[in-house]
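Order of the sequence lines sets the chain letters (A, B, ...), proteins ahead of strands, with each chain counted from 1.
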Amino acid sequence: MSRPEFIAPPEIYYNQEESHKYTNNTRVQQIQAEMTLRALELLNLPSSQYVLDIGCGSCLSGQVLTEEGHQWVGMDISAAMLGNALDLDVEGDLFLADMGAGVPFRPGSFDAAISISAIQWLCNADSAEANPKKRLKQFFETLYASLKRGGKAVCQFYPVGQDQIDLILHSAKVAGFGGGMVIDRPESKRHKKYYLVLTAGIDGDL
Amino acid sequence: MKLLTTNFVQCAVKSCSSSSNCFPLHFTECELVHEDLEFDEDFIKNVMVKIDWPALLSVTRDIGNNSLPEEKPNIESCDEQVLRDLHLVLLETQIKDGKMICKNCDHLYHIKNTIPNFLLPPHLA
Ligand SMILES: [Zn+2]
């Protein structure tokens, strides 16, 4: 199966049919829930936090956030995906927005942020205006500002290669984040999972 | 969109990010809905530290809700009823459809079926 990022931009790829298939696939649901729980474990939050979910899709991750007792705001560029989230009757707030254009929240809004299987999309150049470096910069700068000082972000993503990991890490660091990569099951080609673990405002070993 | 969120969202237009006028947005033609949510005292206490009270009053006035006091309640010493009232306003009151306008650049954002649209044309992003 081809990677969706190589086929079309997310707002086109996740049309009604694809987003419905994705949302209702039990295997997808299970993997998304597992990765969300792992991201929350890495965040290690107290209860009742205010969390931003970047590239929330149909909010399979948001449902886990609700079960874990957090309030959240999810943003996604696919209206069809958000439509599926409405059908699931999720408790969080939904935003139709492009993460590459920035996170539209005032400084210090969120206690934490998560992103499941989304930020690799920032590295696409689907249109003439799309400049991955610029989009990564805008994303990480505004994410940094929107988190409270010491707030953490965990982004699980599917990198295409080491170059892409380096580019993403570099962009996060330039925006001010500390932190680094956590790689689960590094020995397994199929089950290897990449988590970018970031802290806003505290020096890390990135 | 919950009223809580109106206290955090700001204009996404790039040239507005350095303006103090990009928050709060001005709300107009809003249709409100009530959604029952379980009372979460810890969350209200946690988030009240971050709430910009004058901005919250500005938005509640925009939508015709005058239930909030002029002064920000002291969360450490208030009754449970005050926390419950805040929960009702912040989390259970939602904007189903409406418009938001940036006070700095006049950009208009639409809220449809509870979802605000923050997609911008390339020249503004
Ligand atoms: Zn503006």
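- To the nearest 0.5 Å, atoms OG (B/Ser17) and CD (A/Gln138) are separated by 7.0 Å.
- Both the backbone and the side chain of B/Asn117 come within less than 4.5 Å of a heavy atom of chain A.
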| message | Please determine whether side chain to side chain contact (heavy atoms under 4.5 Å, CB included) holds for the pair B/Leu119 and A/Ile77, giving the CA-CA distance in whole Å, both sets of side-chain angles, and the decisive distance to 0.1 Å. | response | CA-CA 8 Å; B/Leu119 294 179; A/Ile77 198 171; 3.9 Å; yes
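- For a residue to count as touching a neighbouring chain, one of its non-hydrogen atoms must lie under 4.5 Å from one of that chain's; by this rule B/Ile95 does not touch chain A.
- Close approach to chain B, defined as a heavy atom under 4.5 Å from one of its heavy atoms, is seen in A/Asp98, A/Ala101, A/Pro104, A/Phe105, A/Arg106 of residues 98-106 of chain A, taken by number.
- Minimum interatomic distance between B/Thr114 and A/Leu86 (heavy atoms only, all atoms of both residues): OG1-CD2, 3.7 Å.
- You'll find the side chain of A/Met75 stays beyond 4.5 Å of the side chain of B/Pro116, heavy atoms only.
- Annotation: maximal heavy-atom pairing with chain A below 4.5 Å, among B/Gln10, B/Glu41, B/Gln94, occurs at B/Gln10.
- Residue B/Phe8 touches chain A through both its backbone and its side chain, counting heavy-atom pairs closer than 4.5 Å.
- The interface of residues 52-91 of chain B with chain A, defined by heavy-atom distances below 4.5 Å, comprises B/Asp52, B/Leu91.
- Both the backbone and the side chain of A/Gln49 come within contact range of chain B, judged by heavy atoms closer than 4.5 Å.
- For B/Leu120, no part sits under 4.5 Å from any heavy atom of chain A, backbone or side chain.
- Rounding to the nearest 0.5 Å gives a distance of 7.5 Å between CD of A/Gln71 and CD1 of B/Ile44.
- Residues B/Thr5 and A/Phe95 share a closest heavy-atom pair of CG2-CE1, 3.5 Å.
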| query | Is there a side chain to side chain contact (heavy atoms under 4.5 Å, CB included) between B/Leu4 and A/Tyr50 once you walk through the steps? | reply | CA-CA 10 Å; B/Leu4 171 74; A/Tyr50 195 36; 3.6 Å; yes
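- Within a 6.0 Å radius of NZ in B/Lys50, more than 12 heavy atoms belonging to other residues, nucleotides or ligands are found.
- With a threshold of 4.5 angstrom between heavy atoms, A/Thr142 does not approach chain B through any atom at all.
- Between the side chain of B/Asn46 and the main chain of A/Ser48, a donor-acceptor pair closer than 3.5 Å is present.
- Listed options B/Asn7, B/Val13, B/Ile111 were ranked by heavy-atom pairs under 4.5 angstrom with chain A; first place goes to B/Asn7.
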